[in-house]
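Here's the structure, in structure tokens; my notes come after.
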Amino acid sequence: MIEKGKSTYDKIYDIVREIPQGKVASYGQIAELAGNRRWSRVVGYALNVSPEDKGLPCHRVVNRYGEPSKCFETAGENRQIKLLEAEGVRFVDGRVDMEHFQWNRRVF
DNA sequence: AACATGACATAAG
DNA sequence: CCTTATGCCATGT
């Protein structure tokens with residue numbers, strides 16, 4: 001069967017939903033897993049226009065430096081950081097410790 | 001079809 | 001470390 005209807009955004013959302021709790025993924029990583037590593041920008045755009053946060057842990061997506069999005073800034077604090085820390089993700093100097101918390105997809 | 005936008009990534013100075 | 005500039009690509013107008 002021809003499976004269509006799956007737009008690029010859907011693929012991206014699908015990957016994002018697979019990010020386990022306590023882990024984070026970079027835009028480039030998601031783009032690559034979604035099928036094209038050059039979709040990094042599209043990933044950000046997709047999350048920006050994401051219809052709902054339901055089942056979409058967009059807070060587990062950070063840039064390659066582990067920095068959270070400014071869109072989560074509220075009252076001078078990043079809600080994204082709080083959410084991640086609540087999941088066990090450690091932050092160092094305002095950035096995620098990517099070395100230890102970046103999603104591997106093949107857990108091991 | 002053309003242009004503008006964007007929660008990125010990489011390179012260069 | 002910082003700022004610019006360029007590449008990249010789906011979407012919306």
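Protein chains get the first letters and strands the later ones, always in sequence-line order, with residue 1 at the start of each.
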(message) Check this for me: A:Arg17, atom CZ, are more than 12 non-hydrogen atoms of other residues, nucleotides or ligands nearer than 6.0 Å?
(response) yes
(message) Side-chain heavy atoms nearer than 4.5 Å, only ILVMFWY residues, links allowed to pass through others: does that put A:Val42 and A:Leu56 together?
(response) yes
(message) Mind checking if A:Asn63 touches a base, just sugar-phosphate, or nothing, with heavy atoms under 4.0 Å?
(response) sugar-phosphate
(request) For A:Trp39 and C:dT11, give me the distance from atom CH2 to atom C1', rounded to whole Å. (result) 14 Å
(request) Could you state the atom-to-atom distance from OH of A:Tyr65 to P of C:dT3 in whole Å? (result) 13 Å
(message) Please give me the minimum heavy-atom distance between A:Ser69 and A:Tyr27, naming the atom from each residue.
(response) CB-OH, 4.2 Å
(message) Between C1' on C:dC9 and CD1 on A:Ile30, what's the gap in Å once rounded to a whole number?
(response) 16 Å
(message) How many whole angstroms separate atom NZ of A:Lys70 from atom P of B:dC8?
(response) 7 Å
(message) Exactly one of A:Gln80, A:Glu87, A:Arg79, A:Lys82 should register a side-chain hydrogen bond (donor to acceptor under 3.5 Å, both in side chains) with A:His59. Which one does?
(response) A:Glu87
(message) Would the base of C:dC9 count as contacting A:Arg41 through its side chain, where contact means a donor and an acceptor less than 3.5 Å apart?
(response) no
(request) Whole angstrom is fine here: how far is it from CD1 in A:Ile12 over to P in C:dC9? (result) 13 Å
(message) Between the base of C:dG7 and the side chain of A:Arg38, is one N or O donor paired with an acceptor at under 3.5 angstrom?
(response) no
(request) Let me know the distance between CG of A:Asn36 and C1' of C:dG7, rounded to the nearest Å. (result) 13 Å
(message) Closer than 3.5 angstrom, by distance alone: can the side chain of A:Lys23 be matched with the main-chain N or O of A:Val89 as a donor-acceptor pair?
(response) no
(message) Counting only side-chain heavy atoms from C-beta out, which of C:dC9, B:dA7, B:dT5 sits nearest to A:Tyr45?
(response) B:dT5
(request) Whole angstrom is fine here: how far is it from CD in A:Glu32 over to P in B:dT10? (result) 10 Å
(request) Find the distance A:Glu73:CD to B:dA7:P and express it as a whole number of Å. (result) 12 Å
(request) Look at A:Arg64 and B:dT10 and indicate whether a side-chain polar atom (N or O) is within less than 4.0 Å of OP1 or OP2. (result) yes
(request) Name the closest nucleotide to the A:Tyr27 side chain, picking from B:dA9, C:dA10, C:dG7. (result) B:dA9
(message) Please compare A:Arg95 and A:Val42 by the position of their nearest nucleotide in DNA chain C and report the one closer to 5'.
(response) A:Arg95
(message) Taking any heavy-atom pair under 4.0 Å as a contact, classify A:Tyr9: base, sugar-phosphate, or nothing.
(response) sugar-phosphate
(request) Could you let me know what B:dA2 is paired to, Watson-Crick or G-U wobble, both distances under 3.5 Å, or none if it's on its own? (result) C:dT13
(message) By nearest atom, which of the nucleotides B:dG6, C:dT11, B:dA9 is closest to the A:Ser40 side chain?
(response) B:dA9
